[in-house]
Amino acid sequence: MKQKHEDIKEKLPEYFSGALSEEEKTTVKGHLDGCRDCRDELELIEAFGKVDPPDPGEFFWAGLPRKVISLSKEQKVRFPAFQWFLRPPALAAAVLLIAVPLFTMLYIQNRPGNYYDPLFSDPLSASAVDYSWLTEDDLTEVSAKLIFNGDAIDVPVGIFDENSYHEDIASLSSKELDSLFRELKNEKIGG
Amino acid sequence: MNDIELIENYLSGEDTAMEELIVKYQKGIYALAYRITWDGEEAKDITQNTFLRAINSLNKFRKESSFKTWIYKIAVNLCLNYKGRHCLGHDELDETIAGNEAGTLCLLIQKERKSYLMKALSEVPERQRIAVSLRAYEGLSCREVADIMEISEGAVKANYHNGIKRLKELLKEYRDETEA
Ligand SMILES: [Zn+2]
């Protein structure tokens, strides 16, 4: 009897809301006649069931469905890009798109040896060598050696005579200077 | 047409299908929101936002649970986030009594009893109130309420019974007061 009472009590909300089958309803009804406790509880549920919330009125009920649908559409129009952006794969792609070039640039700029240095292909690593100790005599000697090692340049030996080469080079036309520069470059002597 | 069919029709461009769904559940959601917040304006907002949130996240709706359970879950979460539960609508209860224009004594007694019942329900702790409202007034099973409240069925039963017990105590206090 006690077990049945607990079971019935459990079913009272469904009994009140009409969710029970005909058979279950009959069982509950039969129990209610002989059980004061269950009757009191059902009465309580019924009493509160009669307390209706204030009705917002027909205008509210009739307008709500359309209002909600149009609000939803408005939000979709207002934030389409934003909603797209919130999807995890799109977000991941956007992050990669920004992060990959950024980190590549930072890596290139900070790796050993500046590859953007126009002198980087200079075999003498010109940018890193200190030439301040060289005298003009040294320069004449080094230049002559470099040029004649190449064996391919037809330069009058005279231009490197004594200290007069400054003047001689200064007297070369721009065309001649260009061609000298090109020849030097072809010999991979460097700039 | 069942709820799932209505959703599919809406997703294929039929707005009237969604209107039908909203009409079907709007009064239930409003009553539930009111029983939890005791604030008519808040309950209206919660009702609107429940459907708005549901439409905007229809892609998250898993068809193995019912649409009803799913939207009730959204509504309960919105109610729990409700910030204005300062005095649980006692102002509104006073308004109900003060605004009573009916002249007959019978109606006055009825109103008073009603407002007392509302006051009693508002004094029951929130989770117990939700369990009682969903079980008794929305006709949902323990399993469904457990799903909505995200607690075990045992916890639903405990909340429901404690809520009913508290209501009984409050009603007894009321009777004692009126008889004294
Ligand atoms: Zn019983």
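From a predicted model like this one, the values you see are computed outputs, not experimental measurements. Chain letters run A, B, ... following the sequence lines, proteins first, then strands; residues in each count from 1.
Per-residue counts of heavy-atom pairs under 4.5 Å with chain A were compared for B:Ser141, B:Gly139, B:Ala136, B:Ser133; the largest is that of B:Ala136. Contacts with chain A were tallied for B:Lys168, B:Lys27, B:Glu20; B:Lys27 has the most, counting heavy-atom pairs under 4.5 Å.
For the residue pair B:Val145 and B:Ala131, the shortest heavy atom distance occurs at CG1-CA, 4.5 Å. Smallest separation of non-hydrogen atoms from A:Ile69 and B:Asp15: CD1-O, 3.6 Å. In this structure, B:Ala43 and B:Tyr34 approach most closely via the heavy-atom pair CB-N, 3.7 Å. Closest approach of B:Arg129 and B:Ile36 over heavy atoms only: NH2-O, 2.5 Å. Across A:Ser70 and A:Lys67, no two heavy atoms sit closer than the pair OG-O, 3.2 Å. Residues A:Arg39 and A:Asp33 share a closest heavy-atom pair of NH1-O, 3.1 Å.
Contact of B:Leu21 with chain A is not made at all, since no heavy-atom distance falls under 4.5 Å. Looking at B:Arg35, only its side chain comes within 4.5 Å of chain A, counting heavy atoms on both sides. Proximity to chain A (any heavy atom under 4.5 Å) is shown, for B:Thr16, by neither the backbone nor the side chain.
Heavy-atom neighbours of chain A within the stretch residues 157-165 of chain B, taken at a separation under 4.5 angstrom, comprise B:Lys157, B:Tyr160, B:His161, B:Ile164. Among residues 13-29 of chain A, the residues having any heavy atom closer than 4.5 Å to a heavy atom of chain B are, in sequence order, A:Pro13, A:Glu14, A:Phe16, A:Ser17.
Annotation: cation-pi pair B:Lys68/B:Tyr72 present, NZ/CZ under 6.0 Å from the ring centroid and within 45° of its normal. The cationic atom of B:Lys44 (NZ for Lys, CZ for Arg) lies less than 6.0 Å from the six-membered ring centre of A:Phe60 and within 45° of the ring axis.
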Q: Check the pair B:Leu58 / B:Met18 against side chain to side chain contact (heavy atoms under 4.5 Å, CB included), numbers first and verdict last.
A: CA-CA 11 Å; B:Leu58 271 180; B:Met18 182 50 70; 3.9 Å; yes
Checking A:Ile8 against A:Cys35 for the side chain to side chain contact (heavy atoms under 4.5 Å, CB included) test, could you report, in this order, the C-alpha distance in whole Å, the side-chain angles of both residues, the deciding distance, and whether it holds?
CA-CA 10 Å; A:Ile8 298 287; A:Cys35 182; over 6 Å; no
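A salt bridge is absent between B:Asp147 and B:Arg143: the closest approach of a Lys/Arg side-chain nitrogen to an acidic carboxylate oxygen does not fall below 4.0 angstrom. A salt bridge links A:Asp37 with A:Lys9: the distance from a Lys NZ or Arg NE/NH1/NH2 to an Asp or Glu carboxylate oxygen falls below 4.0 Å.
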